> 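Can you read through this structure? Questions will come right after.
Here the structure is a predicted model, which means the values were calculated and not measured. A note on names: the letters A, B, ... follow the listed sequences, proteins ahead of strands, and every chain is numbered from 1.
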Amino acid sequence: MSRQDEARAFHYAVYEAVQLIPQGRITTYGHIAKLIYKPRNSRQVGQALKFLPREGQEHEYPYSTANVPWWRVVSSAGVISPREGGAVQLQADLLRQEGVEVDGNNKLKLSEFGWFPETEFDEYD
DNA sequence: CGCTTGACCTACG
DNA sequence: CCGTAGGCCAAGC
């Protein structure tokens, strides 16, 4: 399996896990990493979302912003990760649109809206 | 091939 | 509840 194939497989795993997040709920990059059995790759989870094709854009992946709720993923600090462009504001709007409270500093209450299903890694805590 | 980046995370003051 | 330090690891150059 080539390195590129592995990267694609990782991206697909991330997108599939993100699709599991219920509407009106949020989870973290780190938790998605655990769900796909790559607990030390939280950074790459963010990277995968960055590579998620924008709706309408030409791409090979069977995933895009049209079928992956990328806005339901935030940092472990419960904050919408800062980045270039208007993506942050869009994410805040999409979350509020489904009932998730976002304050003026883009902070969210993980204790209230967090979605953290059990993972096999939790057994080693 | 080595070095820098970055939608991250935990531990510690 | 900040802010910092160190660790992590694929992608880009």
> C1' atom, dG7(C) versus dG6(B): distance in rounded Å?
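Looking at atom C1' only, dG7(C) and dG6(B) are 14 Å apart.
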
> How close or far is atom P of dG6(B) from atom NZ of Lys50(A), stated in whole angstroms?
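After rounding, the gap between these two atoms is 8 Å.
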
> Got a sec: does the CZ of Arg83(A) have more than 12 other heavy atoms crowding it under 6.0 Å?
yes

> Report yes if at least one side-chain N or O of Lys38(A) is closer than 4.0 Å to OP1 or OP2 of dC8(B); otherwise report no.
no

> Roughly, in whole Å, what's the span from CZ in Phe10(A) to P in dC8(B)?
13 Å

> If you count the non-hydrogen atoms of other residues, nucleotides and ligands that lie under 6.0 Å from CD in Glu6(A), is the total more than 12?
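Counting other residues, nucleotides and ligands, CD of Glu6(A) exceeds 12 neighbours.
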
> Under a 4.5 Å side-chain heavy-atom rule over Ile, Leu, Val, Met, Phe, Trp and Tyr, are Val79(A) and Val100(A) clustered together?
no

> Hydrophobic clustering (ILVMFWY, side-chain heavy atoms < 4.5 Å, transitive) - are Val88(A) and Leu95(A) grouped together?
yes

> OP1, OP2 of dC8(B) versus side-chain N and O of Ser76(A): anything below 4.0 Å?
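Result: no.
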
> So, does Thr27(A) use its side chain to make a donor-acceptor pair with the main chain of Trp115(A) at under 3.5 Å?
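Pair found, side chain donor or acceptor close to backbone of Trp115(A).
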
> Identify whether the distance between the nearest side-chain nitrogen and carboxylate oxygen of Arg72(A) and Glu98(A) falls below 4.0 Å.
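Counted as a salt bridge, because a side-chain N and a carboxylate O are separated by less than 4.0 Å.
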
> Can you sort out which residues in residues 83-104 of chain A have a heavy atom within less than 4.0 Å of DNA chain C? Ascending by number, please.
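Those residues: none at all.
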
> For Lys109(A) and dC1(C), what is the distance between atoms NZ and P respectively, to the nearest whole Å?
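Rounded to the whole Å, the gap is 12 Å.
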
> Check whether the side chains of Gln97(A) and Asp93(A) place a donor and an acceptor atom closer than 3.5 Å, and report yes or no.
no

> What is the separation between atom OH on Tyr29(A) and atom P on dA7(B), rounded to the nearest whole Å?
9 Å

> Round to a whole Å and report the spacing from NZ of Lys34(A) to P of dC8(B).
16 Å

> Would you mind reading off the distance between Ile36(A) atom CD1 and dC9(C) atom P, rounded to a whole angstrom?
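After rounding, the reported distance stands at 13 Å.
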
> Using OP1 and OP2 only, check whether a side-chain N or O of Ser81(A) sits under 4.0 Å from dC8(B).
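Indeed, a polar side-chain atom of Ser81(A) lies that close.
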
> What is the distance, rounded to the nearest whole Å, between atom CZ of Arg72(A) and atom C1' of dA7(B)?
17 Å

> Dump the pairs, protein N or O against N or O of nucleotides 10-13 of chain C, anything under 3.5 Å, distances to one decimal.
| residue | atom | partner | partner atom | Å |
| --- | --- | --- | --- | --- |
| dA10(C) | O4' | Gln44(A) | OE1 | 3.4 |
| dA11(C) | OP2 | Arg3(A) | NH1 | 2.3 |
| dA11(C) | O4' | Gln47(A) | OE1 | 2.9 |

> Pairing donors with acceptors under 3.5 angstrom, does anything connect the side chains of Tyr63(A) and Glu16(A)?
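There is such a pair (donor and acceptor under 3.5 Å, judged by atom type) between the side chains of Tyr63(A) and Glu16(A).
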
> Which pairs, protein N/O on one side and nucleotides 5-7 of chain C N/O on the other, fall under 3.5 Å?
none

> Counting only heavy atoms from other residues, nucleotides and ligands, does the tally under 6.0 Å from CD of Gln4(A) exceed 12?
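For Gln4(A), atom CD is not crowded (no more than 12 foreign heavy atoms under 6.0 Å).
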
> Would you call Glu101(A)-Arg96(A) a salt bridge at under 4.0 Å N-O?
no

> Side chains of Gln91(A) and Trp70(A): do they bring a donor and an acceptor to under 3.5 Å?
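The answer is no; no qualifying pair exists.
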
